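Below, read A as the first sequence line, B as the second, and so on, with proteins coming before strands; counting in each chain starts at 1. Not measured: the values here are computed from a predicted model.
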Amino acid sequence: MAAVAMRLPAVRAPLDSRAPRGGEKHLVAPGDTITTDTAYMRGHGTYVEDDKLIASVAGVVERVNKLVCVRALKARYNGEIGDVVVGRITEVQQKRWKVETNSRLDSVLLLSSINLPGGELRRKSAEDELAMRDYLQEGDLISAEVQSIFSDGAVSLHTRSLKYGKLGQGVLVQVSPSLVKRQKTHFHDLPCGASVILGNNGFIWIYPTPEQKDDEAGGYTANLEPVPLSDREVISRLRNCIMALVTHKMMLFDTSILYCYEASLPHQIKDILKPEVTEEIVLEARQRLLDSEG
Amino acid sequence: MASVVLSEAEKLYIVHGVQEDLRVDGRGCEDYRCAEVETDVVSNTSGSARVKLGETDILVGIKAEMGTPKLEKPDEGYLEFFVDCSSNSPELEGRGGEELGTDIANTLYRVFSCENSVDLKSLCINPKEHCWVLYVDVLLLECGGNIFDAISIAVKAALFNTRIPKVHVLEDEEGTKEIELSDDPYDCIQLNVDEVPCIVTLSKIGYRHVVDATLPEEACSLASLLISVTSKGAITSMKKVGKGSLDPESIFEMMETGQRVGKSLHIALQKILDEEESLGTSRPKVGFLG
């Protein structure tokens, strides 16, 4: 049976007016005066005009002693060493791959920074260079860690651990990098039946939990078996919950996603994206988070 | 057309999901995404509409101008379509979007080439001399998959919203005709959009076909069928796109699905348009800043 739902657009009311907020943040828009005190040093996102410090981006004002900077809410990913990212291979070059990670420049994955299939540890030879496309092709998704940052800001990645490598079947969700909370671990096996990788660059990968931990594989053998329907439902529901949280600009971490998932269980998966249902489950998840904190 | 690059495993996941009637966002194969329709968004046009179908955002404006009828149809007015895709992505800026724009415009001409879709005789003022020409401008604001369906919904909504001023033809003693526009700005004629068709795109993924494909789903489908269906379920035109091939049996199945889905699409759209019109001037205008 075909289902076509059409509606008239409604002015989006901000969610904040109903739920209590935790701590006031100084939000500015481009052109807003931050301070007229000349003692402050200007940082990123600010400029000086007529002895006034003015914001050049829309975001939150952060102050460290005498340094004032504005952290933009919607910005490209800025790499930090140790971050876990999910990226897509865009080019295969001579001794490296170019990876798209939603940053200002394409990230780089050097041939010397990957693990070979089977877990062998050896120096990469010329044959490996010619066989690069057999390991990673254009369009493949990988999970990697930031190894270092070049002087121009481009990020160099490595997959030198068995938990990183080529990703198999699953769903990718792209969100703004500022919505992903920094945590100890970004690989989560959620109790609802699926696993999720929260990349710091805003790429979130949802995939079915693998049954056994295959250590010898090294991450290159893709499992091409059809995913069972029950796992698919969990993955689709998680994907819709993440989209709901993003619509209301909530921080994404394992607990918030789990609470949102549990709040959405009474509804059908495809109904989660309707504006009224989205609001209801995000409010419930937010309430649970505040209750568990306080 | 804007397309995403996917890994082989992702494509496999989508194809298997479609086989089991559970797409990535939880929809079935015949479900549309939630659509938002608003008319009368551009003030200096005769009729306008904006449709948001998931990520896809379309704006249509219709201007009614006076022109001379075509030679082969002297007692009818006509429609002119123009599609602009330059605001979509850097590769479609300037001349880049021309190919996609002309492709969409030609499809629209084909869909509306059916004689009864719009009552063109009502657009005639003086046979062989004056008629109304409706210039339909389509603006592709964001491409999130399934642009043809969204464009046809927006065109129908804009035609429903179009108000053409009433004109009187006065004849002098010498025989020269003068056209007089009525003073009352609300004295207009409305077009009858009951027979205006809507396009339903059916994309073949694996062994099944889906309606309202998102960008990743379009990347997995090799062939699609564009069917224009009227509210009564009559198919007015058909077009196959994509580099893959379609089996004749699957074409019949897709046509049946298209008719079914098209009828429910028209019912839902007409309900929304009637609801919007019944609210009249008390409707809160959302526009682009909502």
Contact leader toward chain A among [options], where contacts are heavy-atom pairs under 4.5 Å:
| options | answer |
| --- | --- |
| B/Arg27, B/Gln19, B/Glu10 | B/Glu10 |
| B/Glu20, B/Arg33, B/Arg23 | B/Glu20 |
| B/Val211, B/Leu12, B/Asp25 | B/Asp25 |

So what's closer than 4.5 Å to chain A heavy atoms on B/Leu53: side chain, backbone, both or neither?
->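 B/Leu53 has no heavy atom closer than 4.5 Å to chain A.
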Given a strict heavy-atom distance threshold of 4.5 Å, which part of B/Leu269 is in contact with chain A: side chain, backbone, both, or neither?
->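 Both backbone and side chain.
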Mind checking whether A/Tyr164 and A/Phe187 have parallel, tilted or perpendicular rings, split at 30° and 60°?
->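 The arrangement is tilted - the two ring planes meet at 30° to 60°.
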Which answer fits [X], side chain, backbone, both or neither, if we ask what part of it has an atom under 4.5 Å from a heavy atom of chain B?
| X | value |
| --- | --- |
| A/Gln137 | neither |
| A/Arg88 | side chain |
| A/Arg232 | both |

Heavy atoms, side chains only, cut-off 4.5 Å: are [X] and [Y] in contact?
| X | Y | result |
| --- | --- | --- |
| B/Ile227 | B/Met255 | yes |
| A/Leu167 | A/Ile142 | no |
| A/Tyr207 | A/Ile197 | yes |

Between [options], which residue shows the highest count of heavy-atom pairs closer than 4.5 Å to chain B?
| options | value |
| --- | --- |
| A/Asp271, A/Asn240, A/Leu172 | A/Asn240 |
| A/Leu8, A/Val171, A/Ile269 | A/Leu8 |
| A/Pro226, A/Ala5, A/Gly170, A/Pro9 | A/Pro9 |

Any donor-acceptor pair under 3.5 Å linking the side chain of A/Asn201 with the backbone of A/Asn102?
-> no
N/O donor-acceptor pair under 3.5 Å between A/Asp231 side chain and A/Pro228 backbone =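 Flag not set: sc A/Asp231 to bb A/Pro228 has no pair under 3.5 Å.
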Trace of the side chain to side chain donor-acceptor pair (under 3.5 Å) decision for B/Ser224 with B/Lys240 | CA-CA 6 Å; B/Ser224 315; B/Lys240 181 220 165 261; over 6 Å; no
Can B/Lys232 and B/Glu195 be counted as an ion pair, charged N to O under 4.0 angstrom?
->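 Result for this pair is yes, salt bridge flagged.
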